[in-house]
Protein chains: 2
Amino acid sequence: MEKAENINLHIREIEDHFKAAISVDCVIFGYDESELKVLTLDCNMDPYLELPSLLGDLVKNDENLDEAATRILYERTGITDVFLEQVKAFGELDRHPMGRVVTIAYYALIKVDEYGQNGMESKHNAKWRTIGSLEEMAFDHKKILNSSLHLLRKRLIEYPLWMKLLPEHFSLPELQNLFEAVLAKPLDKRNFRKKISKLGIIKEVGKKQEDVPHRPAKLYAVNEKKLREDYSFLLKNPFVS
Amino acid sequence: MEKAENINLHIREIEDHFKAAISVDCVIFGYDESELKVLTLDCNMDPYLELPSLLGDLVKNDENLDEAATRILYERTGITDVFLEQVKAFGELDRHPMGRVVTIAYYALIKVDEYGQNGMESKHNAKWRTIGSLEEMAFDHKKILNSSLHLLRKRLIEYPLWMKLLPEHFSLPELQNLFEAVLAKPLDKRNFRKKISKLGIIKEVGKKQEDVPHRPAKLYAVNEKKLREDYSFLLKNPFVS
DNA sequence: TTAGATAGTGTAAAAAATACACTAAGAGTT
DNA sequence: AACTCTTAGTGTATTTTTTACACTATCTAA
C-alpha cells in the first residue's frame with residue numbers, strides 16, 4: 001500500500017500547511033476631474049492606523065479568486081460588471097500583522113460617474129485619492145499599487161481599456177487627458193487622434209460639450225458593433241490578456 | 001474598546017479562513033534538440049495518476065513565494081541562479097483533490113546543457129517533454145502551462161530572455177530556431193538577424209560549429225558588458241517586468 | 001466686436017517592419 | 001580534384017508606423 005501511505009503523508013503535510021489565509025486586494029482605478037484615482041479606505045489595523053489601504057478581504061472557502069474579487073468590488077461599491085484583471089500574488093512573510101496572508105492583487109476599472117450615483121463612497125468610508133497623493137500606504141499596498149499601475153499602463157497601450165474608465169459620452173481631449181494621466185506623460189494631440197481614429201472603435205454621437213467657457217468638443221461613444229467584432233475579449237470578465 | 005473588539009473580530013475571521021494551503025508550481029522551460037520543452041513529473045495522485053504534472057510544492061511557513069519557487073527549482077533540478085518570473089495565481093475551488101490549495105505559478109528558464117550535467121533528471125523522475133506532447137495534464141496544470149507559455153512568448157519578444165535558455169556558445173540559426181519553437185511560427189532569416197544584431201548584445205567568439213555535415217555556423221556569446229549596461233534587470237531574480 | 005480659451009486639422013521626415021534570392025563554406029562522395 | 005549536398009550568411013527596396021510640428025475654427029464672456 002505504498003500509494004496509500006504516500007497519500008497519508010501528503011495529507012499530513014498539507015494539514016501542516018493549511019494555516020495560511022488567502023486574501024484578495026483590489027486596486028480600483030477611476031478617472032475623475034482629469035486625474036487617475038484609486039479608491040482607498042483608512043486602515044484601522046495596527047501598525048498601519050489611518051494609512052490609506054486598498055479594498056480587500058479574505059477569500060471565502062466557496063469562492064474562487066475571481067469571484068472573491070468580484071464580491072469585494074460589489075460589497076464595496078455596489079457595482080457589478082466591473083472590469084477586472086488579476087495582477088499577481090504577493091506573499092512576503094511579514095506583509096500582514098495577523099499572520100501568513102498571501103494576497104492576490106486585482107485591478108479594477110470603474111466609471112466614476114456611475115459609481116458615484118450609488119452614493120456608496122460615503123457609505124463605506126471609501127475615498128478616491130489621486131495616485132500622486134498615495135505615498136505611504138498600509139501593509140504592502142504601495143507595492144501592490146505600483147505593480148497594478150505598471151500593468152495598467154501596459155494594458156492601456158495595448159488595448160482600448162480606457163472605455164472602461166470613461167462615461168458613455170466623452171470627448172477626444174478627455175480621452176487624451178486620460179492617457180496622459182495614466183501614462184504620466186504628455187502626448188501629441190494630432191498623433192494621438194490619428195491613432196485613436198485608426199482603431200475605429202469610437203463614433204460621434206452628434207452632440208457637443210455644454211457649459212464650457214470655450215469652444216465645446218465633440219462627444220463620442222464606443223462603437224458597440226466594432227467592440228463586439230474586434231474586441232470581444234474585453235467583454236469577458238475577468239480579463240485575461 | 002471598539003478597536004480591540006474590531007481586532008478580535010478580525011482574528012476570529014482570519015482563523016476561520018486560515019484553512020487554505022498555498023503552493024507554488026513551476027513551469028520549467030528548456031530548449032533542447034531544437035524544441036521547447038517543459039520539465040514534468042508523472043503524477044502519483046488520484047484521479048490524475050500517471051498524467052504529467054508540473055513541479056510544485058506547498059509553500060513553507062518561513063519562506064515567501066519567490067523563495068518557495070527558488071527552493072522547488074533547486075530541490076528538483078539542483079540548479080541555483082535560475083531565471084524565474086511569477087505568472088499568476090490559480091485558485092479554482094476544485095483544482096486540488098486534497099482541499100483548497102491556491103497555487104502561484106512561476107515559469108523558469110534553464111539551460112538544459114548545464115542542468116543535464118547534474119544527472120538530476122533521472123534522480124527525480126523528472127522528464128523533459130515537448131510542449132506539443134502535453135495535451136492532458138494533472139490538476140489544472142495544462143491551464144497553468146498555457147498561461148506561462150503565453151507570458152513567455154510576450155517576454156521573449158520584449159526582452160532577450162533567450163540567453164537564459166541557450167548554452168554559453170550558440171549560433172544564429174540556433175537562436176532563430178529557438179524563437180520559432182517558442183513562438184510556433186517561422187521567421188525570416190535576414191530580418192531576424194537584423195533585429196538581433198541591432199540589440200548589440202551578442203558577440204562572435206571566433207569559433208565555429210564542429211561535427212556538422214555542412215557549412216558550420218559561427219558561434220556567438222552574450223556580451224556581458226552590454227548585458228550589465230542595458231539589461232541589468234535581467235540579472236535580478238526573480239524577474240519583474 | 002473683440003479677447004480669451006480650447007477644439008480641431010495635415011503633411012513631411014524618420015524609423016521600423018516586411019518581402020525577397022542569391023552566394024559561401026564546409027562535409028561527404030566519386 | 002571535382003562535384004554534390006546541405007546549411008550559413010548577406011543587402012536592398014517597399015510599406016507601414018512613428019514622430020515632429022503650427023495654424024485655423026468655434027464657442028463664451030466681456
Side-chain angles (χ1 to χ4, degrees), chain A residues 31-35 153-154 156-160 162 166-167 169-221 223 230, chain B residues 31-35 153-154 156-160 162 166-167 169-221 223 230:
Chain A
Y31 175 70
D32 192 33
E33 295 170 323
S34 299
E35 290 193 286
R153 285 176 175 158
K154 295 185 86 164
L156 185 67
I157 291 167
E158 209 172 353
Y159 307 107
W162 40 263
L166 289 174
H169 292 171
F170 54 88
S171 68
L172 289 178
E174 252 180 303
L175 178 53
Q176 178 171 348
N177 194 298
L178 160 54
F179 268 79
E180 293 178 332
V182 175
L183 303 179
K185 69 174 184 193
L187 298 174
D188 179 88
K189 182 161 53 166
R190 283 177 287 191
N191 294 338
F192 177 78
R193 283 164 183 247
K194 205 183 302 171
K195 192 166 272 178
I196 295 294
S197 92
K198 202 159 40 174
L199 295 177
I201 200 168
I202 63 173
K203 58 166 196 252
E204 292 189 23
V205 295
K207 291 183 189 169
K208 292 184 177 179
Q209 281 182 310
E210 283 171 23
D211 304 317
V212 287
H214 53 73
R215 176 175 176 178
K218 286 186 198 169
L219 292 180
Y220 293 80
N223 181 338
D230 297 1
Chain B
Y31 175 69
D32 193 33
E33 295 169 324
S34 299
E35 289 193 287
R153 286 177 175 156
K154 294 185 86 164
L156 185 67
I157 291 167
E158 208 171 353
Y159 307 108
W162 39 264
L166 290 174
H169 293 171
F170 55 86
S171 68
L172 289 178
E174 254 179 302
L175 178 53
Q176 181 173 346
N177 194 300
L178 160 54
F179 268 79
E180 293 178 331
V182 175
L183 303 180
K185 69 175 183 192
L187 299 173
D188 179 87
K189 181 160 54 166
R190 283 177 287 191
N191 295 337
F192 177 78
R193 284 165 183 245
K194 206 183 301 174
K195 191 168 273 179
I196 294 294
S197 93
K198 202 160 38 174
L199 296 177
I201 200 168
I202 63 173
K203 58 168 195 247
E204 292 189 24
V205 294
K207 291 183 190 171
K208 292 184 176 179
Q209 281 183 309
E210 282 170 23
D211 303 318
V212 286
H214 53 73
R215 176 175 177 178
K218 286 186 198 169
L219 294 180
Y220 294 80
N223 181 339
D230 296 1

Checklist line | B:Phe179 CZ to C:dA17 P, straight-line distance once rounded to whole Å | finding: 13 Å
Item checked: Spacing of B:Lys208 atom NZ relative to C:dA27 atom C1', expressed in whole Å -> 13 Å
Checklist line | B/S/- contact track for nucleotides 6-13 of chain C, protein heavy atom under 4.0 Å | finding: BBBBBB--
Item checked: CG-CD distance between A:Asn177 and A:Glu33, expressed to the nearest 0.5 angstrom -> 12.0 Å
Check: Looking only at atom types and distance, does a side-chain atom of B:Glu180 sit under 3.5 Å from a main-chain N or O of B:Pro186, one as donor and one as acceptor?
Finding: no
Checklist line | Distance in angstrom units between A:Glu210 CD and D:dT28 P, rounded | finding: 10 Å
Margin query: In terms of relative ring orientation, are A:Phe179 and A:Trp162 parallel, tilted or perpendicular, with 30° and 60° separating the classes?
Written below: tilted
Margin query: What is the distance, to the nearest angstrom, from the CZ atom on A:Phe192 to the P atom on D:dT18?
Written below: 14 Å
Margin query: Could you check whether any side-chain N or O of B:Gln176 sits under 3.5 Å from a backbone N or O of B:Phe192, counting only pairs where one atom can act as donor and the other as acceptor?
Written below: no
Next item on the list: Please determine if A:Glu158 and B:Lys154 form a salt bridge, counting it only when a charged side-chain N lies under 4.0 Å from a carboxylate O.
Entry: yes
Notebook entry, point to check: Taking everything shown except A:Lys203 itself, do over 12 heavy atoms lie less than 6.0 Å from its NZ?
Noted result: yes
Checklist line | Between C1' of D:dT7 and CD of B:Gln176, the distance in whole Å | finding: 12 Å
